[in-house]
Q: 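Okay, handing you the structure first.
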Amino acid sequence: MKGTVAVTVAALFLVAFLGYYSETSRYTEVVGTGVSEGVIDNSTNANVHEVVTKHLHLNLTLDFDEKVAKGTATLTMEALVEGLDQIDLDARYLEIMEIKLQDGQTLDYKFDEPNPNIGPKLSIAVPKTIQKNEVFNLTIGYSTTNKTLSLNWLEPEQTAGNTLPYVFTHCEAIDCRTLAPLQDTPSVKSTYSALIRSPKDIKVYMSAQNLEDWTEGDSRVTSFEMNVPIPSYLIALVAGDLEYRKLGRNTGVITEPIFMEKCVNELSELQDSLDVAESFLTKYEWGVYNIVILPPSFPFGGMENPLLTFASPAIIVGDKSQVNVATHEVAHSWTGNLVTNRNWENFWLNEGFTKWSERAIIRKQRGEEFYLVSAALGNSSLYGDLELYGDDSTFTSLHPNYEGANPYDTFSRVPYEKGFLFLTHIQNVIGNDNFEMFLIIYLDKYRMTSITYTDFIDTFLEFIESYFSDQERKNILSKIDFHTWIFGTGPPPVQLNFTTSNLEISRKLADDYLLGKGTPENHDVFFDYFSLLKCIFLQRLIDRAEDATIPILEQIDIDYQLTNTIDPEQKYLWFQLCIMAGYDKVIPSVDEFLGQYGRQKYLLPLYRALNGYDHDLAVEFFNKHKGMYHPVAVVNVGRILNPDSY
Ligand SMILES: *[C@@H]1O[C@H](CO)[C@@H](O)[C@H](O)[C@H]1NC(C)=O
Ligand SMILES: *[C@@H]1O[C@H](CO)[C@@H](O)[C@H](O)[C@H]1NC(C)=O
Ligand SMILES: *[C@@H]1O[C@H](CO)[C@@H](O)[C@H](O)[C@H]1NC(C)=O
Ligand SMILES: *[C@@H]1O[C@H](CO)[C@@H](O)[C@H](O)[C@H]1NC(C)=O
Ligand SMILES: *[C@@H]1O[C@H](CO)[C@@H](O)[C@H](O)[C@H]1NC(C)=O
Ligand SMILES: *[C@@H]1O[C@H](CO)[C@@H](O)[C@H](O)[C@H]1NC(C)=O
Ligand SMILES: [Zn+2]
């Protein structure tokens, strides 16, 4: 089916370029936007062609002693076919107790051979009495196990407050199936509700509206409801010694009480980011925006769970230098959460669009220079990943061919930064005002649905047809090579330009240090740089690491005190450089840093560099710190150090 689509699309490109395409040959008519047609998602075991989830209800107890969540998942489903006789779900590392239909009838089920990449299929036999379009409830009694990848259970010592245990989930891309049995695919969106039981002193939040909570004996029960249909990967829960504080009109922060003041100060501009986003995108549809600042083991910068963005404590630096991570998650409220990739091959529709919006927000908030430097740094990180994969690798394309792999294993800067460059190129071709107008049309058209690149292109073609003359339209299409942008591997087909004078000075400063003639005369300029410009300096040194001798690094460290900087973004680049150059004075600080944050953005390049420098030392540090890391980070670092055992 995928092949057919690609061929048809290629043919349409040709027609589009010749300017002949007609009403009847639009992409949506080829692929459709419903879940019942076309290639849906190769990373699910669910038979979404035959039956879809309309609502999910979780009734779970969080057992902090056993470190499991157990209870029931009730799926309210609609049959899309006559004579439905089987429901296939995703369920991984779960213990299933019992499956019942709403009339109390117990159903037989079996697991097939587990697929090592996407987990096993849970097949449930249903009586053929269910009619097409009938809506029915299926209730599954289950428990998570200690193999789950979606739940990170923390001991009190692993939190800032040291008093109570803590747990948080992470489901993207395909780990919601380790939290509950369901149709774990972004092609299906459903509402959800939950009743969560926790010990009385532990507060629970979910990516949903918090309805009420009450105590029953030693337990606290909290109820939730999410009325906007969402994909499974956005289901999220956090529980611990948590407190909520309002930040602005409809924004707030949730974190441990001991960490609250720092977070409130750092996030003082969050409301403004949301307001700016709303000023040029569509209406904010989720009501409130709350951000949780998690314990250090959180393996990502942020995760855009609706009403409950998760963020690493690494973004709370003390100088507001990393709050653009929060801006990114704000932008996901539209691209990703409202308009969602239908499968993970189209991940750039989530991340490329969000990178674009994130930078559009900071451009409006902080100006052109900040925007350009952020884009330039993003471009450097893209080229780093292109090099890691090799220019021929399918994972350097905006539409990778997974061949059955776990999509999570292939996530990189490519969907973010190449996607950003693609959209920025389109923006340059049609002009900023037109691009923003297009974006609003796109968001309005696809809100609450899941789409693929063909839907995006379809809408773009419609847009230029409505707003431009034939001649302009031909001109626009001649400048945008959709096919190479989306399917081509390696560097993007068009080189953009994000140069600023400060950026060039920052790079030149690095080059001057690398001459090995001591401290450059203008070295003071560095002190006035915002964090991203300092990172440009460091990135330049990394790009030319073969010229960085130990005396040069020593001089830089004396001048700028980088080993002791509080900014983790500078720190991880600096340490990477020092390890690559064999400047071993920093090793004890690297050791400390690796135990401070479990964010993979820092761990993976540092362990990669350390492994190249001294494998045994890398293993020693990993064994020392892995108790703090998230199960996903343990697997990914483990793969770097010992590819065979992970
Ligand atoms: C939820 O589960 C508890 C057991 O943990 C049970 O007592 C209760 O009746 C269930 N509630 C609903 C609404 O299913
Ligand atoms: C199906 O489940 C939903 C949500 O849990 C519930 O509101 C509804 O009453 C159930 N319907 C039946 C027929 O049991
Ligand atoms: C996980 O649970 C299984 C079965 O309950 C048990 O045998 C195993 O030792 C546990 N593993 C860990 C790491 O706790
Ligand atoms: C779909 O997944 C299966 C295994 O899960 C794999 O064999 C197949 O190559 C995949 N197809 C595509 C088009 O990715
Ligand atoms: C992106 O980085 C590459 C590699 O360093 C460079 O060749 C290219 O000019 C950069 N492009 C932009 C737009 O900064
Ligand atoms: C990039 O833009 C800068 C500033 O606008 C300009 O000075 C420079 O010549 C441009 N570089 C290229 C390669 O176009
Ligand atoms: Zn994102």
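When a ligand or atom number is given, it counts from 1 through the structure's own listing order.
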Q: Identify, for atom 9 (O) of ligand 5, the protein heavy atom at the shortest distance, and state residue, atom and that distance.
A: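 For atom 9 (O) of ligand 5, the nearest protein heavy atom is Gln495 OE1, 3.7 Å.
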
Q: Of Leu195, Asn137, Thr139, Asp103, which has the heavy atom at the shortest distance from atom 1 (C) of ligand 2?
A: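 Selected option, by shortest heavy-atom distance: Asn137.
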
Q: Counting from 1, what ligand 2 atoms have a heavy atom of His57 closer than 4.0 Å?
A: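 Counting from 1, the qualifying ligand atoms are 5 (O).
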
Q: Without hydrogens or angle criteria, can the side chains of Asp567 and Gln322 be said to hold a donor-acceptor pair below 3.5 Å?
A: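 Present: a donor and an acceptor within the cut-off.
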
Q: For the ring pair Phe411 and Phe395, is the centre-to-centre distance below 6.0 Å?
A: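 No; Phe395 has its ring centre 6.0 Å or more from that of Phe411.
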
Q: Judging by distance only, is a nitrogen or oxygen of Asn379 under 3.5 angstrom from one on ligand 5?
A: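 N/O-N/O distance below 3.5 Å exists for this pair.
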
Q: Cation-pi between Lys364 and Phe280: NZ/CZ under 6.0 Å from ring centre and within 45° of the ring axis?
A: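 Pair Lys364/Phe280 counts as cation-pi.
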
Q: Could you check whether any side-chain N or O of Gln183 sits under 3.5 Å from a backbone N or O of Thr53, counting only pairs where one atom can act as donor and the other as acceptor?
A: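 Yes, the answer is positive, given that a donor and an acceptor are paired below the 3.5 Å cut-off.
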
Q: My question is simple, although I want it checked carefully: is atom 14 (O) of ligand 6 less than 4.0 angstrom from any protein heavy atom?
A: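 When distances to the protein are checked, atom 14 (O) of ligand 6 has a heavy atom within 4.0 Å.
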
Q: Does the protein place any heavy atom closer than 4.0 Å to atom 5 (O) of ligand 2?
A: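 Given the 4.0 Å cut-off, atom 5 (O) of ligand 2 counts as touching protein heavy atoms.
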
Q: Output side-chain donor-acceptor pairs under 3.5 Å for residues 603-612, partner residues at least two apart or in another chain, one line each.
A:
unit_1 : atom_1 : unit_2 : atom_2 : d
Tyr607 : OH     : Tyr629 : OH     : 3.0
Asn611 : OD1    : His615 : ND1    : 2.6
Asn611 : ND2    : Ile640 : O      : 3.4

Q: Under a 4.0 angstrom heavy-atom cut-off, which atoms of ligand 5 come close to Leu496?
A: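 Once the distances to Leu496 are compared, the set is 12 (C), 13 (C).
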
Q: Closer than 4.0 Å to some heavy atom of Thr76 - which atoms of ligand 2 meet that?
A: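 Within the 4.0 Å cut-off of Thr76, ligand 2 contributes 1 (C), 2 (O), 3 (C).
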
Q: Distance under 6.0 Å and angle within 45° of the ring axis: does Arg359 meet both against Phe420?
A: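 Judged by the rule (NZ or CZ under 6.0 Å from the ring centre, within 45° of its axis), Arg359 counts as positioned above Phe420.
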
Q: I need the nearest protein heavy-atom contact for atom 8 (C) of ligand 6: residue, atom name and distance, please.
A: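 Result: Asn497 ND2, 3.7 Å.
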
Q: Show me, pair by pair, the donor-acceptor contacts under 3.5 angstrom made by side chains of residues 492-500, not counting sequence neighbours?
A:
unit_1 : atom_1 : unit_2 : atom_2 : d
Gln495 : NE2    : Tyr383 : OH     : 3.0
Asn497 : OD1    : Thr499 : N      : 3.1
Asn497 : OD1    : Thr499 : OG1    : 2.7
Thr500 : OG1    : Glu369 : OE2    : 2.7
Thr500 : OG1    : Asn502 : N      : 3.4
Thr500 : OG1    : Leu503 : N      : 3.0

